[in-house]
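Just follow the structure's listing: the first ligand is 1, and inside any ligand the first atom is 1.
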Amino acid sequence: MQRPLVVQKFGGSSVANADRIRRVARRIGRERAAGSDLVVVVSAMGDTTDELLTLAHAITDEPDARELDMLLATGEHQSATLLSMALHALGVEAISLTGPQAGITTDGRYGRARIANIEPRRIRAEIEKGNVVIVAGFQGQSETAADQAEMTTLGRGGSDTTAVALAAALKADRCQIFTDVKGIYTADPRVVPDARQLPVIGYEEMLELAHQGAQVMQVRAVELGWVNDVVIEVLSSFEDAPGTLIREDPLVEQRNKVRGLAHDRNVAKVTLVAVPDRPGVARSVFEPLAEAGINVDMIVQNVGHGGATDMSFTVPRAELGKAKKVLEAVVRDLGAREITTDASVAKVSIVGAGLHNAPGYAARMFGTLADAGVNIEMISTSEVRITCMIAEDELSTALSALHGAFELAKPDAIDVAATGMAAG
Ligand code: ASP
Ligand code: MG
């Protein structure tokens, strides 16, 4: 019989120091002893990536993109080698590989490269030799002639993508993402005390949660899992407890239920006051923002009065300064009255597959917020999500009220069925 192949990923907090690396090695050793072949993806230790970025910016305001990727990649080299040594110390055969050695090629966009191909020959050969293969996450090699290939990195949180991509390429039996939380919750347990861990969640719902600020997994990794049908398990590296399975949810059609709440404080509201109401205005506003790489969300344009209209939208809070600079020129060109901004807002979302064909959820959400005395400033929706923008200092009130109104603390039949499936 073939041995099961398991891909495991350990995030930065799981390998933050020597003790934790040894603990991860013991866990890998146990899985190995149970008879699995293992490919292990690691992130850089603790805050290493942030520290390397800070260092680079202490040297120069504009670090060269190529050199920056060379630098950032060292974070994962460090953790991969140390984990391999920790396994050796336990008598477990292991070898560390860089992304390029693991056969991961990408396009050439430094800092946000996308995986183009994985040729896992070397990984397979090392498994064949009896090694646990440790792969440095978050990196690859640009897909060019060998004598010009460059180190690239996959964007912040990119080790998740490395792990899911390897699981797909190797047709792994399991893909486990070990992190510092126990799994995916109905809401952030730090804000909503009776938030409940979900045994299973569909890809689509997980994508919305990740987009809306649930910082558990990189969005691209979830997308990649969905496209390649990789069942992803998110679980704690600090305790032995079942996690949350992210998978195609076969029961999705049978339920119209809110699955979880997401929130995001990383937003700011921008209003352009008295913009001329004529064709092409939206383009003059949003094109320059797009060119500056600023993501715009939740756009609202009021009904025009006397040839002018107000236009509001949200941008990531960290980009507010940059957005203002871009928009000041736009306001001048268009002859709008002024720009106002508000950085003390937050988004709260209800997420669940099937929300769009179940009327009443929007009304219940708005009613619940009203009863809690929370004012809604903007609304946006997707197939599986309804989002309201509110004042940031009302966020925890809003989350608790919604968690209660949609009865999220209580497991339902779907969770029970899902748990049964997960065990099977
Ligand atoms: N070390 C990288 C980061 O901090 C990649 C990762 O953690 O997944 O973004
Ligand atoms: Mg990370």
Spacing of CD belonging to Q218 relative to OG1 belonging to T162, to within rounding of 0.5 Å = 8.5 Å

ask   = Would you find a donor on one side and an acceptor on the other, under 3.5 Å apart, between the side chain of N131 and the backbone of V133?
value = no

message = Any heavy atom of G158 closer to ligand 1 than 4.0 angstrom?
response = yes

Close approach of G12 to ligand 1, heavy atoms, under 4.0 angstrom = no

query = Does ligand 1 have any atom that is closer than 4.0 Å to a heavy atom of Q218?
reply = no

ask   = What are the atoms of ligand 1, with element, lying closer than 4.0 Å to any heavy atom of R156?
value = 3 (C), 4 (O), 9 (O)

ask   = Any donor-acceptor pair under 3.5 Å linking the side chain of S344 with the backbone of E392?
value = no

task = Report, in ascending order of atom number, the atoms of ligand 1 lying under 4.0 Å from any heavy atom of G157.
result = 3 (C), 5 (C), 6 (C), 8 (O), 9 (O)

inquiry  = Looking at non-hydrogen atoms alone, which of A163, A44, A221, S159 comes nearest to atom 6 (C) of ligand 1?
reply    = S159

task = Scan K347, R317, K269 and name whichever one has a salt bridge (Lys or Arg N to Asp or Glu O under 4.0 Å) with D297.
result = K347

query = In terms of heavy-atom contacts, does CD of Q148 have more than 12 from other residues, nucleotides or ligands at under 6.0 Å?
reply = yes

ask   = What class does the angle between the rings of W226 and Y203 fall in, given that below 30° is parallel, 30 to 60° is tilted and above 60° is perpendicular?
value = parallel

query = For S43 and ligand 1, does the shortest N/O to N/O distance drop below 3.5 Å?
reply = yes

